[in-house]
Chemist: 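Have a look at this one.
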Amino acid sequence: MEGGFFSGQLLIAMPGISDPRFERALILICAHDEEHAMGLALNRPVEGLTVPDLLDRLEISSTIVLPPDLVLVGGPVEQERGFVLHSTDYEGEASLDVTPGVALTATREVLEAMASHNGAPSKSLLALGYAGWGAGQLEEELKQNVWLTCDPDDELIFGRDYGRKWGQALAKLGVDPQRLSAAAGRA
């Protein structure tokens, strides 16, 4: 965490979070400064929508056989807008470095690269929408114990076992999800 900001960190929703859209959510913070924070949920697949399906809908033809990876709901804001988290072996002009080895791109070019042999990132996930916070909002939620934070790893970001990611992130902190309480407190 640099300068009090959480870019590149994972947020783990605490039980009892007041917004059901974030129940058991695991969110990678992609950008955070004094004005706003933006992140993508890593464990919310869109039922029945795969990356190849979405590329077909966008009329992006593939020159390779794409795995049937699910598209994720990145968050409740601008759900018609797509974002790709990817390994940094792909670099577009509009790519934003998130954490070492991981970048975010929200252009059609990254989708075209994913559908071809040339320049495709070795690891990627496609999300629709994002989670956003206004000035000071995320910091306040952290003070209120709405979220835990932890460092990301490749499995938590790019792994496909979406149902287990929340628990895996807690385990990384040494926290047993069965022992978490929905009631927040302060020592």
Side-chain angles (χ1 to χ4, degrees), residues 1-12 25-46 49-134 138 147 149-162 165 168-169 172:
M1 180 179 74
E2 199 172 298
F5 298 118
F6 290 88
S7 294
Q9 288 288 296
L10 289 173
L11 297 181
I12 308 164
L26 180 64
I27 297 174
L28 178 63
I29 297 298
C30 300
H32 186 203
D33 60 26
E34 59 279 339
E35 298 298 318
H36 77 290
M38 177 269 182
L40 295 177
L42 304 175
N43 62 338
R44 304 260 192 229
V46 176
L49 181 60
T50 66
V51 171
D53 293 339
L54 187 60
L55 294 180
D56 282 346
R57 289 182 191 180
L58 296 172
E59 298 179 359
I60 296 174
S61 59
S62 180
T63 60
I64 59 173
V65 176
L66 292 168
D69 295 335
L70 294 173
V71 173
L72 301 180
V73 175
V77 182
E78 292 188 53
Q79 289 190 328
E80 68 287 346
R81 188 169 174 202
F83 299 88
V84 178
L85 273 176
H86 56 83
S87 50
T88 53
D89 51 354
Y90 170 84
E91 274 190 53
E93 286 184 31
S95 295
L96 169 72
D97 288 333
V98 174
T99 191
V102 179
L104 173 71
T105 306
T107 63
R108 185 175 178 92
E109 288 76 21
V110 70
L111 299 175
E112 291 168 349
M114 289 169 63
S116 73
H117 288 290
N118 300 329
S122 57
K123 299 175 193 165
S124 63
L125 70 81
L126 175 56
L128 297 175
Y130 66 93
W133 294 263
L138 178 57
W147 305 99
T149 63
C150 78
D151 292 326
D153 61 42
D154 269 8
E155 186 60 28
L156 290 174
I157 295 173
F158 297 113
R160 303 296 188 230
D161 193 353
Y162 305 112
K165 282 187 178 187
Q168 288 171 322
K172 187 173 179 170

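In this chain, numbering begins with 1 at the start of the sequence shown.
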Chemist: Mind running side-chain contact (heavy atoms from CB on, under 4.5 Å) on Glu93 and Thr107 for me, showing each step along the way?
Modeler: CA-CA 9 Å; Glu93 286 184 31; Thr107 63; over 6 Å; no
Chemist: To check you understand the geometry: which heavy-atom pair defines the closest contact between Leu70 and Tyr162, and what is its length?
Modeler: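 Minimum heavy-atom separation between Leu70 and Tyr162: O-OH, 4.1 Å.
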Chemist: For Ala113 versus Gly119, what's the shortest heavy-atom pair and its separation?
Modeler: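 Closest heavy-atom pair between Ala113 and Gly119: CB-O, 3.9 Å.
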Chemist: Decide yes or no for Thr149 and Leu11: does some side-chain heavy atom of the first lie under 4.5 Å from some side-chain heavy atom of the second?
Modeler: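 They are in contact (side-chain heavy atoms under 4.5 Å apart), so the answer is yes.
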Chemist: Using modelled atom types only, decide if a donor and an acceptor are shared between the side chain of Asp89 and the backbone of Ser122 within a distance under 3.5 Å.
Modeler: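 Pair found, side chain donor or acceptor close to backbone of Ser122.
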Chemist: When you look at Leu40 and Ile27, which way does the side-chain contact (heavy atoms from CB on, under 4.5 Å) test go after all the steps?
Modeler: CA-CA 5 Å; Leu40 295 177; Ile27 297 174; 5.7 Å; no
Chemist: Taking all non-hydrogen atoms of both residues, which atom of Tyr90 and which atom of Pro121 are closest, and how far apart?
Modeler: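 It is CB-CB, 3.7 Å.
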Chemist: Please determine which of Val98, Leu42, Leu26 meets the side chain to side chain contact (heavy atoms under 4.5 Å, CB included) test together with Ile157.
Modeler: Leu42
Chemist: Could you pull out the closest heavy-atom pair between Ser61 and Ala115, with the gap in Å?
Modeler: O-CB, 3.8 Å
Chemist: If only side-chain N and O atoms count, and only distance matters, is there a donor-acceptor pair under 3.5 Å linking Ser116 with Thr63?
Modeler: no
Chemist: For the residue pair Met114 and Ser124, what are the closest heavy atoms and their distance?
Modeler: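 Taking Met114 first and Ser124 second, the nearest heavy atoms are CE-OG, 3.5 Å.
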Chemist: Return the CZ to CG distance between Phe158 and Asp69, rounded to the nearest 0.5 Å.
Modeler: 11.5 Å
Chemist: Is there side-chain contact between Leu126 and Leu111, with heavy atoms separated by less than 4.5 Å?
Modeler: yes
Chemist: Between Leu28 and Leu104, is any pair of side-chain heavy atoms under 4.5 Å apart?
Modeler: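 A side-chain contact is absent here, since even the closest heavy-atom pair is not under 4.5 Å.
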Chemist: Using only atom types and a distance under 3.5 Å, with no angle test, would you say the side chain of Thr99 pairs donor to acceptor with the backbone of Val102?
Modeler: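 The answer is no, because no donor-acceptor pair under 3.5 Å joins these two groups.
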Chemist: Any side-chain heavy-atom pair from Leu54 and Val46 closer than 4.5 angstrom?
Modeler: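 Of all side-chain heavy-atom pairs linking Val46 with Leu54, none is under 4.5 Å.
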Chemist: Locate the shortest heavy-atom distance separating Lys172 from Leu156; write the atom from each residue and the value.
Modeler: CD-CD1, 4.0 Å
Chemist: Output the distance between atom CD (Glu59) and atom CZ (Arg108), rounded to the nearest 0.5 Å.
Modeler: 7.5 Å
Chemist: Would you confirm whether His32, through its side chain, and Phe5, through its main-chain N or O, come within 3.5 Å as a donor-acceptor pair?
Modeler: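 Not a single qualifying donor-acceptor pair exists.
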Chemist: Answer yes or no: is there a side-chain heavy-atom contact under 4.5 Å between Asp97 and Thr88?
Modeler: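 Contact flag for Asp97/Thr88 side chains = yes.
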Chemist: Please indicate whether Gln168 has more than 12 foreign heavy atoms, meaning atoms of other residues, nucleotides or ligands, lying under 6.0 Å from its CD.
Modeler: yes
Chemist: Ignoring hydrogens and angles, write down the donor-acceptor pairs under 3.5 Å from the side chains of residues 73-85, residues two or more places apart or on other chains.
Modeler:
residue: Glu78; atom: OE2; partner: Tyr130; partner atom: OH; Å: 3.4
residue: Gln79; atom: NE2; partner: Gly75; partner atom: O; Å: 3.0

Chemist: Please round to the nearest 0.5 Å and tell me the distance separating atom NE2 of His86 and atom CD of Glu91.
Modeler: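 It comes to 8.5 Å.
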Chemist: Please determine whether side-chain contact (heavy atoms from CB on, under 4.5 Å) holds for the pair Met38 and Leu96, giving the CA-CA distance in whole Å, both sets of side-chain angles, and the decisive distance to 0.1 Å.
Modeler: CA-CA 12 Å; Met38 177 269 182; Leu96 169 72; over 6 Å; no
